[in-house]
Amino acid sequence: MSVLVTGASRGIGRALYDGYLARGETVTGTCRGDPPAGGRWLRLDVAEPAQFAGFARSFGDAPLDLLICNAGVYLDKGQDLDGGYPPEMWAQSFAINVTGVFLTIQALLPALRAADEAKVAIISSQMASDSNAPGRSYIYRASKAAALNLGRNLAADLAPQGISVGVYHPGWVRTDMGATRPPRTAAQSARRRVQPFDALGPATTGCFETWDGRAHPY
Ligand code: NDP
């Protein structure tokens, strides 16, 4: 199976990259800086639209069975409602968490179409859910809600082409983004994380699920 993980330099993306490598899959990771030693890496800053054509060319013609859109940012942690949440922060967050996801999928459509029953997994968050609205982090919540909406609509359009799309909450995970308090490390989450991706298919396309395979309320 051929797998590509965006934002695989660290955190959940790196754990997913390592997890699939350990399973013997053919894995490509994307990173913005110097690639880690070993394995197959492509450079991609998902907020730079000009990079996508070259990125797709570098990936090549090989079929892609599973694309995991993991790269993401949470820039507005702790912002103040009065005077915080600057427009540049909205623009940068949406460029990475929403437009970046769309452009990644769009760039790799030929490779996904070349596979039998390809899958796209979008890493969103429980903070995308309208049923989980305690306030704060408006930019992150809105961007992850948009990624959820994007995934569900792409699922409808890509189903006739045999491509399934799922949207996932990876759990609260100890990474640079998740900070030090969460109960799980990225490696622990990623091990369980691959199970719902295995279950993704035509019958479940358009799903929004938690890291342990349970349906998440929209
Ligand atoms: P980290 O901050 O640890 O890692 C983020 C990854 O995204 C890095 O590899 C980073 O690359 C990459 N990235 C950031 N911006 C860009 C960009 N412009 N182009 C390409 N890659 C980029 O985050 P996590 O591992 O914690 O999060 C991974 C995903 O899981 C995110 O989508 C996040 O929203 C989601 N999530 C995480 C939770 C948690 O508790 N950790 C909870 C819910 C959802 P670089 O090293 O170059 O910066």
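In each ligand, atom 1 is the first atom listed, and ligand 1 is the first ligand listed. No experiment lies behind these values; they were computed from the predicted model shown. Atoms considered below: every heavy atom in the structure, side chains included; atoms not considered: hydrogens, waters and symmetry mates.
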A student comparing Ile122, Asn70, Asp176, Val101 should find that the heavy atom closest to atom 31 (C) of ligand 1 comes from Asn70
In ligand 1, the atoms that come under 4.0 Å of a heavy atom of Gly171 are 38 (C), 39 (C), 40 (O), 42 (C), 43 (C)
Counting from 1 in the order shown, the ligand 1 atoms closer than 4.0 Å to a non-hydrogen atom of Ser125 are 43 (C), 44 (C)
side-chain contact (heavy atoms from CB on, under 4.5 Å) test vs Val165 passes for just one of Thr204, Ile122, Leu67, namely Ile122
Under 4.0 Å from one or more heavy atoms of Trp172, ligand 1 contributes atoms 40 (O)
Taking only non-hydrogen atoms of Gly11 and a 4.0 Å limit, the atoms of ligand 1 in range are 3 (O), 25 (O)
Does any N or O of ligand 1 fall below 3.5 Å from an N or O anywhere on His169, backbone included? no
Checking heavy atoms under 4.0 Å, the part of Ser124 that sits near ligand 1 is backbone
Looking only at non-hydrogen atoms, the one of Asp45, Leu16, Ile12, Thr175 nearest atom 18 (N) of ligand 1 is Asp45
For Leu44, the ligand 1 atoms with a heavy-atom partner under 4.0 Å come out as 19 (N), 20 (C)
Query - Pair Asp198 + Arg23, salt bridge at N-O below 4.0 Å - result: yes
With sequence neighbours left out, the residues meeting side chain to side chain contact (heavy atoms under 4.5 Å, CB included) with Thr99 are Leu103
So for Thr30 against ligand 1, with non-hydrogen atoms under 4.0 Å, the contacting part is neither
Open item on the list: If the contact criterion is a heavy-atom separation under 4.0 Å, does Cys69 count as touching ligand 1?
Closed with: no
Ile123 heavy atoms within 4.0 Å reach ligand 1 at atoms 29 (C), 30 (O), 32 (O), 35 (C)
Query raised in the report: Would you say Tyr140 has any N or O atom under 3.5 Å from an N or O of ligand 1, going by distance alone?
Result: yes
Smallest heavy-atom separation, Leu64 atom then Leu4 atom, equals CD1-N, 3.7 Å
* Between Tyr17 and Trp41, does the ring centroid distance fall short of 6.0 Å? -> yes
Within the structure, does Ile96 bring an N/O atom to less than 3.5 angstrom of an N/O atom in ligand 1?
no
*Looking only at N/O atoms, are Gly7 and ligand 1 under 3.5 Å apart anywhere?*
yes
Heavy-atom proximity to atom 43 (C) of ligand 1 ranks first, among Cys31, Pro170, Gly13, for Pro170
Distance col, row Asp34:CG vs Ser9:OG, nearest 0.5 angstrom, shows 11.0 Å
Numbered in order shown, the ligand 1 atoms found under 4.0 Å of a heavy atom of Val73 are 14 (C), 15 (N)
- Message: Whether Asp176 and Arg10 form a salt bridge (side-chain N of Lys/Arg under 4.0 Å from carboxylate O of Asp/Glu) is what I want to check.
- Response: yes
Close approach of Tyr74 to ligand 1, heavy atoms, under 4.0 angstrom
no
request  = Without swapping roles, check the side chain of Asp76 against the backbone of Ile139 for a donor-acceptor pair under 3.5 Å.
outcome  = yes
Report task. Flag the pair Phe197 / Tyr168 as yes when their ring centroid distance falls below 6.0 Å, and as no otherwise. Result -> yes
Does the side chain of Asn149 come under 3.5 Å of the side chain of Asn153 through a donor N or O and an acceptor N or O?
yes
Q: Give the C-alpha distance, both sets of side-chain angles, the deciding distance and a yes or no for side-chain hydrogen bond (donor to acceptor under 3.5 Å, both in side chains) between Tyr218 and Ser131.
A: CA-CA 7 Å; Tyr218 298 101; Ser131 66; over 6 Å; no
Any heavy atom of Arg14 under 4.0 Å from ligand 1? The part involved is neither
Between the CE atom in Met127 and the NZ atom in Lys144, the distance rounded to the nearest 0.5 Å is 10.0 Å
